Number of protein chains: 2
Amino acid sequence: MDTSTTNGNEKVQICSSEFVVAVRDTLNVIRGKWKLPIIGSLCYGKKRFKDLENDIPKITPRMLSKELKELELNSIVTRTVYDTTPVTVEYELTPSGRKIRELLDAMVKWGLQHREAVMSTE
Amino acid sequence: MDTSTTNGNEKVQICSSEFVVAVRDTLNVIRGKWKLPIIGSLCYGKKRFKDLENDIPKITPRMLSKELKELELNSIVTRTVYDTTPVTVEYELTPSGRKIRELLDAMVKWGLQHREAVMSTE
DNA sequence: CCGTATCCGTAATGATACTG
DNA sequence: CAGTATCATTACGGATACGG
């Protein structure tokens, strides 16, 4: 569906398959109940496993571990082990990971707008 | 929507619950395998049930129906029934629904950036 | 045309206990 | 501290058939 409803300025076809793929990529990366909370927490700097557990209410170590692994695989976070006793592990956003912030902002923006819109019609 | 981690000792953040809630709202709305494809298709104008089925490869009527109901409940689409025989039903994005487009654009943008970033390091 | 009803398999998440 | 292992449960989505 390569529709292009060209209005004045360009920038239109969401449905061009290249864009569809990009959206799918993005969704795959942030998929799961805890990915965005984790990223959100890491927006404020490096965190250790325990810090993340404390920051994110109700998350279990199992899920935190699992999601962090996926984020690392997807180059969203880096994991650094320091050879202390006991070991210290730090998680940090990659540059790409930090840019998800813009997406989060867009989500916050839409969420608030939408709530407002819905409220005003009820 | 700024992050400003510097408000005295208080963390003013994305994690401020108001923002967390807004993100969760947004995710709830677009959750599911077919929500964004449906919204994407409706970006190009009103569609009938059958049109959507044709536009979206592999979707079953069960899922299309289910997702449309949720989108309607969330004020993302409107459903209009015309009293013809057989009945005609049209689905259309609400203003709020149309604004999801901005979110899609942000996803496309990040997805492409990220792919680029990952490629260049391999 | 516009859906609904059932049934079923898998994937995602939770609960809890445990290890190096 | 930084995770794993195991088991139970729920959410999600596909297949198919049928109804107004």
Side-chain angles (χ1 to χ4, degrees), chain A residues 20 23-42 44-74 76-93 97, chain B residues 20 23-42 45-74 76-93:
Chain A
V20 170
V23 171
R24 192 166 42 65
D25 285 354
T26 303
L27 288 174
N28 281 339
V29 163
I30 66 175
R31 172 157 58 194
K33 185 171 177 181
W34 304 104
K35 294 273 168 50
L36 286 181
I38 291 170
I39 293 168
S41 173
L42 289 174
Y44 299 99
K46 301 179 196 177
K47 293 278 174 70
R48 296 170 60 178
F49 193 89
K50 190 64 176 172
D51 297 330
L52 290 168
E53 251 187 300
N54 291 334
D55 275 7
I56 305 168
K58 306 280 185 187
I59 195 169
T60 63
R62 187 176 97 82
M63 289 311 294
L64 181 53
S65 173
K66 183 168 162 289
E67 304 278 64
L68 282 170
K69 265 178 195 156
E70 291 176 24
L71 290 171
E72 198 189 349
L73 266 175
N74 284 313
I76 307 303
V77 309
T78 57
R79 177 177 182 273
T80 311
V81 181
Y82 297 96
D83 195 4
T84 57
T85 42
V87 292
T88 304
V89 180
E90 277 185 348
Y91 292 92
E92 187 176 14
L93 290 180
Chain B
V20 170
V23 171
R24 191 165 43 67
D25 285 354
T26 303
L27 288 174
N28 281 340
V29 163
I30 66 176
R31 173 155 57 193
K33 185 172 177 180
W34 304 105
K35 294 273 168 50
L36 286 180
I38 291 170
I39 293 168
S41 173
L42 289 175
K46 300 180 198 178
K47 293 280 173 68
R48 295 170 60 180
F49 194 88
K50 190 65 177 171
D51 296 330
L52 290 168
E53 253 186 298
N54 291 335
D55 274 7
I56 305 168
K58 307 279 185 186
I59 195 169
T60 62
R62 185 175 98 84
M63 289 311 294
L64 181 53
S65 172
K66 184 167 160 288
E67 304 278 64
L68 282 170
K69 264 180 195 154
E70 292 176 23
L71 290 171
E72 198 189 348
L73 265 174
N74 285 313
I76 307 304
V77 308
T78 58
R79 178 175 182 274
T80 312
V81 181
Y82 297 97
D83 196 4
T84 56
T85 43
V87 292
T88 304
V89 180
E90 278 185 348
Y91 292 92
E92 187 176 13
L93 291 178

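Here the structure is a predicted model, which is why all the values come from computation and not from measurement. Within every chain, numbering begins at 1; the chains are lettered A, B, ... in the order of the sequence lines, protein sequences first and strands thereafter. Only heavy atoms go into these numbers, but all of them, side chains included; no hydrogens, no water, no symmetry mates.
- Atom NZ of B/K33 is separated from atom P of C/dG9 by 18 Å (rounded to the nearest Å).
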Practice task
Kindly indicate, with the supporting measurements, whether the criterion salt bridge (charged side-chain N to carboxylate O under 4.0 Å, His left out) is fulfilled by A/E70 and A/R31.
Solution key: CA-CA 10 Å; A/E70 291 176 24; A/R31 172 157 58 194; over 6 Å; no

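- On a pure distance criterion of 3.5 Å, no polar donor-acceptor pair joins the side chain of A/R62 and the base of D/dG3.
- Put simply, B/K58 has no side-chain N or O that comes within less than 4.0 Å of OP1 or OP2 on D/dG13.
- For D/dG3, neither phosphate oxygen OP1 nor OP2 lies less than 4.0 angstrom from any side-chain nitrogen or oxygen of A/K66.
- Put simply, A/K69 has a side-chain N or O that comes within less than 4.0 Å of OP1 or OP2 on D/dT4.
- For A/K47 (side chain) and A/S41 (main-chain N/O), a donor-acceptor pair under 3.5 Å exists by modelled atom type.
- Closest to the B/F49 side chain, of the nucleotides D/dA2, C/dT13, C/dG3, is C/dG3.
- In terms of position on DNA chain D, the residue among B/M63 and A/P86 whose nearest nucleotide sits closer to the 5' end is A/P86.
- Put simply, CG on A/D83 is 18 Å from P on D/dC1, counting in whole angstrom units.
- Contact annotation: B/T60 side-chain N/O to D/dA15 OP1/OP2 distance is not under 4.0 Å.
- Phosphate proximity of D/dC1 to A/Y91: absent, as no side-chain N or O sits under 4.0 Å from OP1 or OP2.
- Applying the 4.0 Å criterion to OP1 and OP2 of D/dC1, one finds that A/R48 has every side-chain N and O outside that range.
- Put simply, CZ on B/R31 is 10 Å from C1' on D/dC12, counting in whole angstrom units.
- Contact between A/L64 and A/F49 at its shortest, heavy atoms only, is CD2-O, 3.6 Å.
- Separating the CG atom of B/L27 from the P atom of C/dA12 is a distance of 16 Å, rounded to the nearest angstrom.
- Residue B/L64 contributes atom CG, which lies 17 Å from atom P of D/dC12 at whole-angstrom precision.
- To the nearest angstrom, P of C/dC1 lies 8 Å from CD of B/E53.
- The distance between atom CD of A/E67 and atom C1' of D/dA2, rounded to the nearest whole Å, is 17 Å.
- The CG-P distance, from A/N28 to C/dA12, rounds to 10 Å in whole Å.
- Residues A/T84 and A/T88 approach most closely at OG1-OG1, 2.8 Å, considering heavy atoms.
- At D/dT4, one or more side-chain N or O atoms of A/S65 fall inside 4.0 Å of OP1 or OP2 (strictly under the cut-off).
- Contacts of A/R79 with the nucleic acid, taken as non-hydrogen atoms under 4.0 Å apart, involve only primed sugar atoms and P, OP1 or OP2.
- You'll find the side chain of A/R48 stays beyond 4.5 Å of the side chain of A/L52, heavy atoms only.
- Comparing A/G32 and A/P61 along DNA chain C, the residue whose closest nucleotide (by nearest heavy atom) sits nearer the 5' end is A/G32.
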